[in-house]
Amino acid sequence: TGVQTCALPIWREGMALEFKAGWNEREVPWNCKLQNRLTIGILIIFVLVFGVSSFLMIDYEKQLVQKQRVAIANQLGDVLSNTLSAEMMKGDEKEMWDDIEALTDKMRAASGAERIQILSREGEVLAGTDFSLESYEYSKEEDAECAACHLHGAKDFPSIVISTEGEKTVLRTITPIKKERRCNECHEDEETNFLGMISIDFDYTPIERENNEKKMRFFLLVTVIAVVMFAAIYWMLSKEVLHPIKILMEASRHLARGHYDTQLDVSGEDELSRLGETFNHVANEIKKANDVLAVESENNYQSAITDGLTGFRNKVFGHETLMELILESHKCEEPLSVLMVDLDFFKKVNDTYGHLAGDMVLRETATRIKQLLHYSDTPVRYGGEEFLIILANTDEAGLNTVGERLRAKIADSKFIIDDDGAEIEVTASLGGTVCLTNDGKSEDMIERADNALYQAKGGGRNQLVIL
């Protein structure tokens, strides 16, 4: 158990594992097991944190690419705007547009742009790399390409929007052709800060595809890491948490079944080890309390079934024992006898010498009875000066022998009745009977023995009668 928090206790050999009455052991549902809940909780947190971080990183890369394209577009726009302004100052409009178209072709090839267009403020295509659109005038209300920007809220320069055109994803930037001071010579009447627009389209499909591939790779990576982490966390929790808890639960079950000497072998300094030590302390305290209760219970039981003066069993216990022996006698076909003993003229002893003297006579009678009995016999103080003796495995002949010996032992020796050694003679009348096949309860035998006792008293006392 060196690497474990708690080890299984060594149970006593043959220890009973039966549940006590009223004990209800319930299986822990799968969704309530601590190991599963902790593992799933940690896994969910990991997936959320790692997944969100991954998507944020991909989105950051996406934004970075967009910023790079916008920066390129701004540079191209500045070059075109300056070139256009310089060519306009020359005054040759045809040569100017030829030079601008040649420049846009070079810029498209150098920058990797799909299309470059120079538009007027009203949206008319003045020049560009797509000659099919030359002199075409865009309408932001009707044209789909304009709507792609304006419907996305594009207002200020530079504007940027990502739209899908067929199977292709396009990143479009719109930069202004700024109205500079030297432009006032030709555009003095135009109250605006820009004279036109430069539209540059980049093919965003490869970037979009790369982003999707990155997302898939990240998803697979998160899945693999999640599975590995789940297995690792599950194993760690099982070894470090669940296994000690299972041991503690099993020990608690043994304790609940009444095995108060249950102890855990604790090694370690963590919280579960402290819990194991607490369990051992509680189990020891319960065992001590149970031992005290057991002694008190036994003492109370003995007091409840024992006559305090003679040490014999009392009347209730005598009836219960006799009933059990009657049933056993019928089952095993073994003989059973009872003997009723009553001291003659005992009231006269109390009246003449006092109750203390009477108590001494009763104690001495009990002593003489015990001297004659076998260990399997049960002497009972039935009430007052009357005794019941249950003789197991004793037939009528044995009953007669025991009865005569007891009568003689009482009558032949005097009884001391005080500390000064004063003595008196005491005799007893005895009535006995054996168990019959039709005896079904203790009262059947006691009634016959009682009748025999009355006959002995009626016949002159100091004698034995058996019915």
Side-chain angles (χ1 to χ4, degrees), residues 305-307 309-349 358 361-412 415 426-467:
I305 64 173
T306 304
D307 174 59
L309 180 63
T310 63
F312 284 177
R313 299 307 187 199
N314 59 22
K315 182 178 180 179
V316 174
F317 184 86
H319 274 278
E320 293 176 353
T321 302
L322 181 56
M323 186 67 227
E324 293 175 0
L325 291 175
I326 289 173
L327 296 176
E328 186 177 344
S329 176
H330 292 331
K331 181 180 179 180
C332 302
E333 297 182 355
E334 293 179 348
L336 174 66
S337 301
V338 296
L339 190 63
M340 296 291 291
V341 181
D342 186 83
L343 299 179
D344 297 329
F345 305 111
F346 184 74
K347 185 177 182 302
K348 185 178 179 181
V349 174
V361 170
L362 289 174
R363 282 195 292 268
E364 178 61 24
T365 302
T367 300
R368 297 183 185 186
I369 290 174
K370 283 189 288 187
Q371 291 173 351
L372 291 176
L373 298 184
H374 191 261
Y375 71 91
S376 61
D377 299 330
T378 305
V380 176
R381 186 182 180 191
Y382 202 71
E385 70 275 17
E386 195 171 16
F387 297 89
L388 169 69
I389 303 173
I390 304 173
L391 303 170
N393 200 24
T394 302
D395 55 14
E396 186 173 344
L399 172 62
N400 185 71
T401 300
V402 173
E404 283 297 334
R405 286 180 178 174
L406 179 56
R407 185 199 61 77
K409 194 170 187 63
I410 294 173
D412 293 348
F415 286 69
V426 178
T427 61
S429 299
L430 298 86
T433 187
V434 296
C435 183
L436 304 178
T437 56
N438 60 345
D439 287 338
K441 53 186 179 178
S442 58
E443 287 81 358
D444 295 336
M445 292 187 70
I446 292 176
E447 184 178 1
R448 288 200 306 275
D450 227 11
N451 292 334
L453 176 61
Y454 289 144
Q455 289 186 23
K457 285 185 175 292
R461 294 182 170 83
N462 193 23
Q463 58 182 286
L464 168 68
V465 174
I466 296 176
L467 294 178

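These numbers come from the heavy atoms of this one structure, side chains and all, not from hydrogens, waters or symmetry mates. Numbers for residues simply follow the sequence, beginning at 1.
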**Q** Using the side-chain contact (heavy atoms from CB on, under 4.5 Å) rule, take Ile389 and Leu406 through it: C-alpha gap first, then chi angles, then the decisive distance, then the call.
**A** CA-CA 11 Å; Ile389 303 173; Leu406 179 56; 3.6 Å; yes

**Q** Are any non-hydrogen side-chain atoms of Asp395 and Ser337 less than 4.5 angstrom apart?
**A** no

**Q** To the nearest 0.5 Å, tell me how far Thr378 OG1 sits from Phe317 CZ.
**A** 6.5 Å

**Q** What heavy-atom pair brings Asn462 and Ala411 nearest, and what distance separates the two atoms?
**A** OD1-CB, 3.8 Å

**Q** Hey, are Glu328 and Lys331 close enough for a salt bridge, meaning a charged N less than 4.0 Å from a carboxylate O?
**A** no

**Q** Assess whether atom CD of Glu396 is packed by more than 12 heavy atoms of other residues, nucleotides or ligands within 6.0 Å.
**A** no

**Q** I need the minimum non-hydrogen distance between Leu464 and Gly432, along with the two atoms involved.
**A** CD1-N, 4.4 Å

**Q** Taking the side chain as every heavy atom from C-beta outward, state whether Phe387 and Val380 have any atom pair closer than 4.5 Å.
**A** no

**Q** What heavy-atom pair brings Thr394 and Leu399 nearest, and what distance separates the two atoms?
**A** CG2-N, 3.5 Å

**Q** State the CG-CD1 distance between Leu322 and Ile390, to the nearest 0.5 angstrom.
**A** 4.5 Å

**Q** Ignoring hydrogens and angles, state whether a donor on the side chain of Arg381 or Asn314 is under 3.5 Å from an acceptor on the partner side chain.
**A** no

**Q** Quick one: are Phe346 and Val426 in side-chain contact, heavy atoms under 4.5 Å?
**A** no

**Q** How close do Ala449 and Met340 get, heavy atom to heavy atom, and via which atoms?
**A** CB-CG, 3.4 Å

**Q** Is there side-chain contact between Leu309 and Arg363, with heavy atoms separated by less than 4.5 Å?
**A** yes

**Q** Report yes or no: does Ser376 contribute a side-chain atom to a donor-acceptor pair with the main-chain N or O of His374 at less than 3.5 Å?
**A** no

**Q** Could you check Lys441 against Ile326 for side-chain contact (heavy atoms from CB on, under 4.5 Å), going step by step and ending with a plain yes or no?
**A** CA-CA 7 Å; Lys441 53 186 179 178; Ile326 289 173; 5.9 Å; no

**Q** Between Thr433 (side chain) and Leu467 (backbone), is there a donor-acceptor pair under 3.5 Å?
**A** yes

**Q** If I take atom CZ from residue Arg407 and atom CG from residue Leu339, how far apart are they, to the nearest 0.5 angstrom?
**A** 12.0 Å

**Q** Just by modelled atom types, is the Leu373 backbone N or O under 3.5 Å from a matching donor or acceptor in the Asp377 side chain?
**A** no

**Q** So, Glu333 side chain and Ser329 main chain: donor-acceptor pair closer than 3.5 Å or not?
**A** no

**Q** Tell me whether the count of non-hydrogen atoms from other residues, nucleotides or ligands lying under 6.0 Å of CD in Glu443 goes above 12.
**A** yes

**Q** Closest approach of Asp444 and Asn438, non-hydrogen atoms and distance?
**A** OD2-O, 4.3 Å

**Q** Flag the pair Leu391 / Leu336 as yes when at least one side-chain heavy-atom distance between them is below 4.5 Å, and no otherwise.
**A** no

**Q** Report the distance from atom CG of Asp342 to atom CZ of Arg461, rounding to the nearest 0.5 Å.
**A** 8.5 Å

**Q** Heavy-atom distance under 4.5 Å between the side chains of His330 and Cys435, does that happen here?
**A** yes

**Q** What is the distance from atom CE of Met445 to atom CG of Leu388, rounded to the nearest 0.5 Å?
**A** 9.0 Å

**Q** Salt bridge between Asp344 and Lys457, side-chain N to carboxylate O under 4.0 Å?
**A** yes

**Q** For the residue pair Val465 and Leu453, establish whether any side-chain heavy-atom pair is separated by less than 4.5 Å.
**A** no

**Q** Working note: Phe415 + Thr365, criterion side-chain contact (heavy atoms from CB on, under 4.5 Å); need CA distance, chi angles, decisive distance, verdict.
**A** CA-CA 9 Å; Phe415 286 69; Thr365 302; 3.5 Å; yes

**Q** Answer yes or no: is there a side-chain heavy-atom contact under 4.5 Å between Ile446 and Val338?
**A** no

**Q** Among Ile466, Asp439, Val434, which residue meets the side chain to side chain contact (heavy atoms under 4.5 Å, CB included) test with Arg448?
**A** Asp439

**Q** Let me confirm one number: the CG-CD distance from Asp450 to Glu447, rounded to the nearest 0.5 Å.
**A** 8.0 Å

**Q** Under a 3.5 Å threshold, yes or no: a donor from one side chain and an acceptor from the other, between Thr306 and Arg313?
**A** yes

